[in-house]
Amino acid sequence: MSMQIYNTESGSKETFEPRQLPVRFYVCGLTPKNEPHLGHARLFAVNDTVRRYLEYLGYNVTYVQNFTDIDDKIIAAGLREGIPPSQAARRYTESYFRDMDRIGVRRADIFTYVTEFIPQIIAFVSELIEKGHAYEVEGDVFFSVPSFPAYGRLSGRDADAMLAGARIEPDERKHDPRDFALWKSAKPGEPWWESPWGKGRPGWHIECSTMAKETLGEQIDIHGGGADLIFPHHENEIAQTESLTGKVPFVRYWIHTGMLSVPTEEGNGDEEKMAHSGTFVTIRSVLADGSVPAPALRLYLLGQQYRANLVFSEEQLRASVARWRRWEQARMTLLRLIAWAESNASDETAEPGEPEQQLTEQLATAKDEFLAAMDDDFNTSRALSAIDEMVHRANDYANALGGGAASPAVLAALRQALATLEEVTGVLGIALENVEAAGSALSAERVAEIETLIAERDAARKAKNWAEADRIRKTLDEDYHVTIKDTPQGATWNVHD
RNA sequence: GGCGACGUAGCCAAGUGGUAAGGCAAGGGUCUGCAAAACCCUCAUUCACCGGUUCGAAUCCGGUCGUCGCCUCCA
C-alpha cells in the first residue's frame, strides 16, 4: 500500500508521487507579531510529522518555511511595544523557535524572510505586469483575477459566489472586485522599499509565490498551511505563480491543517477559533508550570486527524499527559530491564521462548498498523493507538519477567521492543523523556543520598522491618520527591512533582 | 446569503457496505508486606433524527435538526 495524501484541490486522497527528488515541501509559516499559540503549534507539529514520515519512508525532503516579517500587524506590534517593526518581528521569530524546539518541531532546511526577498518580489511583480496579469494604480499594484481563468480552482469558488459573498467594499481603483494587491504604496511612517511604482512594500500573498519559486523552483510537490489560508491566500498564490511561469500545477498536493479553537469564557459551549478576536492560548503558557511536558502537548496535538477542527480542552490535554507518561514509563521499564539483563546474563539456550516470540510478533503487527495508519493521509490518531498497543504488550511482557538471570533471547527481545518503540515515536516527533525536567537534574551528591537510602530500605525490607522501610520511603517521597517502585529486578525510583 | 466540513459512549477520537479501534475518566480484580507502576475484566445491540437503496449501512442516497470553518486579519 502506497502512501495516500488528501489533496485539498481534488478533495480526495491521492497516491503520493513526488515530481522529482528531493521532495519539495513548502509550508506557510507565520507572521511574527505575537507569541505563538496552540493553533501554530498544531500546524507546525502536523507538518513536521509529515516531513518526518516522508523522510522515514526514504525520501529526501527540502522543507521550506517562511516568516512574513513585514505586515500591517507587525507594524502594529511595533507601535504597541514601542519598538521598530523589524525588532518586533525578530522578537516573535525567536519566540517561535523557542516554542517549536520544545515541542519537537525540527528546523526547516530553509527559512525565508520576506524582507530578504524584496528584489525578487519586485521582479516577480514586474513580470506579472509585463505579461498582462497585473496593473499599477497610484503606486499600488494589483493582480488581475480575470486574467487567470483557473482562479477559484483550489477553493471551489466561482466568480459569482466570490462577488456575492464579499463583505467588504471593494477598492474602486480595482478593475475587478476580486483583484488583490501585489504591492502596496507606503503610508507615512511605515517601512518601505524603493520600487518601480514608488515607495512601498509587498502585498500579502506575493511573498509566498516568490520565495517558493526562489527556493524550490517553479513547481513544487507539497504545500502546507492552515485551512484558513485556502482562500484567498493559496488561491492567490496559484494565480500569481502559474500566471508567471505558465506551468501547471504550481503545487501537486495541497495539505491543509484544521483549525484549533478555544471555548469562550462564557462557558456556554460556544467556541472561537484561536487568534480570532484576539482569543488565543500561547504555547508558552500551556508549558509554563511543567504540568504538561512538551512532548505530551505534541501528543495531544496529534491526537486527532490533522484535517479536523479541534476544540482545545484542558481535560483532553490531561488525558494526553497520562498517555504520554505511560509511554515514557514503558521506555524506562525497558531500559531498566535491558540493563538488568545485561548484568545478569545466563548462558542458557539462545532460542527465544514462547513469550519472546509472542512479543516480537505483537510488536511487528502493531508496527504494521502504525505504518498503514500513517500511509492513510497521516492518520496520527490511528497511529497513536498502534503505539498504545506496543506499550501495552511490552509492559505485559515486562510484568511476566521474573528475577534471576536473563537469557540472550530475553535481552534481544527487550532491545527489539525498545528499538521499535523509539522508532515509531521518533517518526511522530514525540520524545519519550522530558528533556526539560532532565535539565533540572539532581546533583550527583543528591543521587548518592537517594541511593543510600534505597539501599537502607532494601536491607530493612529483607529484615521484614516494614516500619523502617516505609519510613524511608516516606522520607524519599516528601524530602526528595522520589517515588519508589519495587520490581523483581530490584527497586527503582523516579522524581515526581 | 454563498462555499465546504462535521454530528460515534461521561469526555476525546478511529472506523466510507459485512456486523463499533484506542486514550482519559469510572467500577471490579491480579501482583505487592503495604504501596507505586503495570496487567486482566467491565463500560455504545449502537453510531443526531426521519425515510430510502441493499441479503446486509455508522458507512451509500434524500430530507430534517444542530455544530464548525472559509467568504474579512488569521495557522
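All values below come from the heavy atoms of this structure, side chains included, with hydrogens, waters and symmetry mates left out. A, B, ... follow the sequence lines: proteins, then strands. Residue 1 opens every chain.
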What nucleic acid atoms does A:Leu30 come within less than 4.0 Å of, heavy atoms only: base, sugar-phosphate, or nothing?
-> sugar-phosphate
Taking for each residue the nucleotide of RNA chain B with the nearest heavy atom, is it A:Arg393 or A:Gly156 whose nucleotide lies nearer the 5' end?
-> A:Gly156
Which whole-number value in Å describes the distance from A:Asp486 CG to B:C31 P?
-> 16 Å
Indicate, with a heavy-atom threshold strictly under 4.0 Å, whether A:Gln305 touches base, sugar-phosphate, or nothing.
-> sugar-phosphate
Stems where RNA chain B pairs, listed by first number, each of three or more Watson-Crick or G-U pairs under 3.5 Å = B:1-7 with B:65-71, B:10-12 with B:22-24, B:26-30 with B:38-42, B:48-52 with B:60-64
Using the C1' atoms only, state how far B:U45 lies from B:A58, rounded to an integer number of Å.
-> 13 Å
If we take the P atom in both B:A48 and B:A13, what is their distance in whole Å?
-> 14 Å
Within this structure, what is the CG-to-C1' distance between A:Asp458 and B:A35, rounded to whole angstrom?
-> 15 Å
When you measure from the side chain of A:Ser285 to the backbone N and O of A:Val281, does any donor-acceptor pair fall under 3.5 Å?
-> no
Which part of the nucleic acid does A:Arg457 contact within heavy-atom distance under 4.0 Å: base, sugar-phosphate only, or nothing?
-> base
Donor-acceptor pair, side chain of A:Arg52 and main chain of A:Gly426, under 3.5 angstrom | yes
B:A35 P sits how many Å from A:Trp466 CH2, rounded?
-> 13 Å
When we call it a touch if two heavy atoms are under 4.0 Å apart, what does A:Asp396 touch: a base, just sugar-phosphate, or nothing?
-> sugar-phosphate
Could you tell me the separation between the NE2 atom of A:His223 and the P atom of B:A75, rounded to a whole number of Å?
-> 13 Å
Using the six-membered ring wherever Trp is involved, compare the ring planes of A:His40 and A:His37 and label them parallel, tilted or perpendicular (cut-offs 30° and 60°).
-> parallel
Whole-Å C1' distance, B:G18 and B:C3 | 35 Å
Return the nearest nucleotide to the side chain of A:Asn399; candidates are B:G33, B:C71, B:A38.
-> B:A38
Any idea which of B:C70, B:G33, B:A75 is nearest the A:Leu260 side chain?
-> B:A75
Hey, could you give me the CG/CD distance between A:Leu363 and A:Gln358, rounded to the nearest 0.5 Å?
-> 10.5 Å
Could you label the plane-to-plane angle of the A:Tyr96 and A:Phe67 rings as parallel, tilted or perpendicular, counting under 30° as parallel and over 60° as perpendicular?
-> perpendicular
Indicate, with a heavy-atom threshold strictly under 4.0 Å, whether A:Ser313 touches base, sugar-phosphate, or nothing.
-> nothing
A:Asp376 CG - B:A14 P separation (whole Å) | 12 Å
What integer number of Å spans the C1' atoms of B:A37 and B:G4?
-> 47 Å
Please give, in whole Å, the distance from B:A5 C1' to A:Arg157 CZ?
-> 13 Å
Rounded distance in Å - CG (A:Leu154) to P (B:C71) = 13 Å
With heavy atoms under 4.0 Å as the rule, sort A:Lys474 into base, sugar-phosphate or nothing.
-> nothing
Is the backbone N or O of A:Gly490 less than 3.5 Å from a side-chain atom of A:Thr487, with the two atoms forming a donor-acceptor pair by type?
-> yes
May I ask you to decide if the ring planes of A:Tyr300 and A:Phe312 are parallel, tilted or perpendicular, using 30° and 60° as cut-offs?
-> perpendicular
So which one's nearest nucleotide on RNA chain B is more toward 5', A:Asp470 or A:Lys485?
-> A:Asp470
Distance between the P atoms of B:C43 and B:A57, in whole angstroms?
-> 24 Å
Decide, yes or no, whether a salt bridge links A:Asp72 with A:Lys184 under the criterion of side-chain N to carboxylate O below 4.0 Å.
-> yes
Nearest to the side chain of A:Trp204 - B:C74, B:G69, B:C39?
-> B:C74
Taking the six-membered ring for Trp, are the ring centroids of A:Phe25 and A:Tyr253 within less than 6.0 Å of each other?
-> no
Do we get A:Arg307 above A:Tyr6's six-membered ring, with its NZ or CZ under 6.0 Å from the centre and within 45° of the axis?
-> yes
How far, in whole Å, is B:G1 from B:U8 if one measures between their C1' atoms?
-> 32 Å
Each nucleotide of nucleotides 22-30 of chain B classed B (base within 4.0 Å of a protein heavy atom), S (only sugar-phosphate) or -, in 5' to 3' order, makes SBS------
Expressed in whole Å, how much space separates the P atoms belonging to B:G66 and B:G28?
-> 42 Å
B:G69 OP1/OP2 closer than 4.0 Å to side-chain N/O of A:Asn309 = no
Atom-to-atom span, CG of A:Leu310 to P of B:C6 - whole angstrom = 16 Å
Consider the side chain of A:Pro232, meaning its heavy atoms from C-beta on, and name the nucleotide among B:A14, B:C40, B:C71 that approaches it most closely.
-> B:C71
What nucleic acid atoms does A:Gly29 come within less than 4.0 Å of, heavy atoms only: base, sugar-phosphate, or nothing?
-> sugar-phosphate
Sticking with atom P, work out how far B:G29 lies from B:A9, rounded to a whole angstrom.
-> 29 Å
For the side chain of A:Arg473, counting heavy atoms from C-beta on, which of B:C34, B:C74, B:A75 is nearest?
-> B:C34
Side chain of A:Leu229 - closest among B:A75, B:C74, B:C71 = B:A75
Just checking A:Asn379: base, sugar-phosphate only, or nothing, at a heavy-atom cut-off of under 4.0 Å?
-> sugar-phosphate
Would you say A:Gln305's side chain and A:Asp377's backbone share a donor-acceptor pair under 3.5 angstrom?
-> yes
Measure centre to centre between the rings of A:His234 and A:His205, then say whether the value is under 6.0 Å.
-> no
What does A:Asn395 touch in the nucleic acid at a heavy-atom separation under 4.0 angstrom: a base, only the sugar-phosphate, or nothing?
-> sugar-phosphate
